[in-house]
S.K.: 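One structure, as structure tokens, below. Some questions next.
In the text below, chain A, chain B and the rest are named by the order of the sequence lines, each starting its count at 1.
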Amino acid sequence: MSDSFRRGLRAGVPFSLVAFLLAMSFGVLAIQAGFSPVQAIVMSAVVHAGSAQFAATAIVAGGGGLVPGVLAGTLMNARFLAMGIAVAPSLPDGPVVRALQGQTVVDPSWALANRGDGSFDRHLLMGATVPQYVGWLSGTVVGAFAGDVVGETDRFGLDAIFPTFFLALLAAELREPRSRAVALAGAVIALALVPFTPPGIPVLVAGVAALVGLTR
Amino acid sequence: MTLWILIGVLAVTTALIKAAGPVLVGGRALPERATKVIALLPPVLLAALVVTSTFTEGQRLHLDASTAGVAVAGVLIWLRKPLLLSVLTAVAVTAALRALS
């Protein structure tokens, strides 16, 4: 086990606790949307992408049907395309290994593994995802079986977890003035697109703000 | 049955999206200019995620109790308080405001 893998494991622990809470609220919502506990748990095990699971479940719960549900979930994942391209040059192995390593990209691990110079520590990336996967799965189990008892989750303010989670990750990225400027540009682009595109697309398109990097 | 299809298809699309970048672009060094763009992607994508998850509901812009909860947590994050404390504070503030309204 490499040193940075172990550092990743440790760095992932606080995020895994938050993932546990988020997954618990996902489990509850999924049950209320008509999932069986086994379905909710399997979804967390094989999809492991919080925003996509929430988006797809919300559409199914609202009677939106299969195709819109899959589309909404997939679009929420669109950002992983940009994140995957970003880590790609830091993955030196063959295409199959790279494809598997790419599966470990989740937002916190990707941000933690970022060295800030355009390269990523792939061992740290993979290490950080391990505790988060455990937290995500176990939280779903608890939520799925407690679902009927809990009732309306918004009452507990659990919907504040996601934005806070991303805000903490963002805070670590704002050390340089240039990063702050492009972050602001990305935020403005994303918000401006919200009324006109399906959810998920604004975040991907906001990525064009990073093209400022070509200028110097 | 529909739900199983949803779960299966979403698992496949997620895996494909995550594999795409590493398979197509990986395994070689990119030109320096591309690396500079990549270095700016984390702040851009995370900022976009923060504002869309804080200020929107579906395709609408909206503010509610959770916006206030996230704002309070933002102060704690800025003061470098632990993540879990910030998250629990966001949850508590949001829940308290909703209980009062």
S.K.: Find out whether B/Pro43 and A/Val182 are in side-chain contact, i.e. whether some heavy atom of one side chain is under 4.5 Å from a heavy atom of the other.
M.R.: yes

S.K.: State, to 0.1 Å, how close A/Gly69 and B/Leu6 come at their nearest heavy-atom pair, and which atoms those are.
M.R.: C-CD1, 3.7 Å

S.K.: Return the minimal non-hydrogen interatomic distance between A/Ala206 and B/Ala48, and the atom names on each side.
M.R.: CB-CB, 3.7 Å

S.K.: Evaluate the side-chain proximity of A/Phe35 to B/Ile7: yes if any heavy-atom separation is below 4.5 Å, no if none is.
M.R.: yes

S.K.: What I'd like to find out is whether the side chain of A/Leu214 reaches to under 4.5 Å of the side chain of B/Lys36, using heavy atoms alone.
M.R.: no

S.K.: Against chain A, label B/Ala65 side chain, backbone, both or neither, depending on which of its atoms sit under 4.5 Å from a heavy atom there.
M.R.: neither

S.K.: Would you check if B/Ile17 and A/Thr74 make a side-chain contact, meaning some heavy-atom pair closer than 4.5 Å?
M.R.: yes

S.K.: Do B/Leu88 and A/Leu21 have side chains that approach each other closer than 4.5 Å (heavy atoms only, starting at C-beta)?
M.R.: yes

S.K.: Who among A/Gly157, A/Ala172, A/Gly73 has the most heavy-atom pairs with chain B under 4.5 Å?
M.R.: A/Gly157

S.K.: Given side chains that start at C-beta, do those of A/Gln101 and B/Pro22 come closer than 4.5 Å, heavy atoms only?
M.R.: no

S.K.: What is the distance from atom CG of B/Leu40 to atom CG of A/Leu211, rounded to the nearest 0.5 Å?
M.R.: 9.5 Å

S.K.: Below 4.5 Å, heavy-atom pairs only: which of B/Ser86, B/Ala15, B/Ala20, B/Gly69 has the largest tally toward chain A?
M.R.: B/Ala15

S.K.: Tell me whether A/Asp159 is salt-bridged to B/Arg98, with the criterion being a basic N under 4.0 Å from an acidic carboxylate O.
M.R.: yes

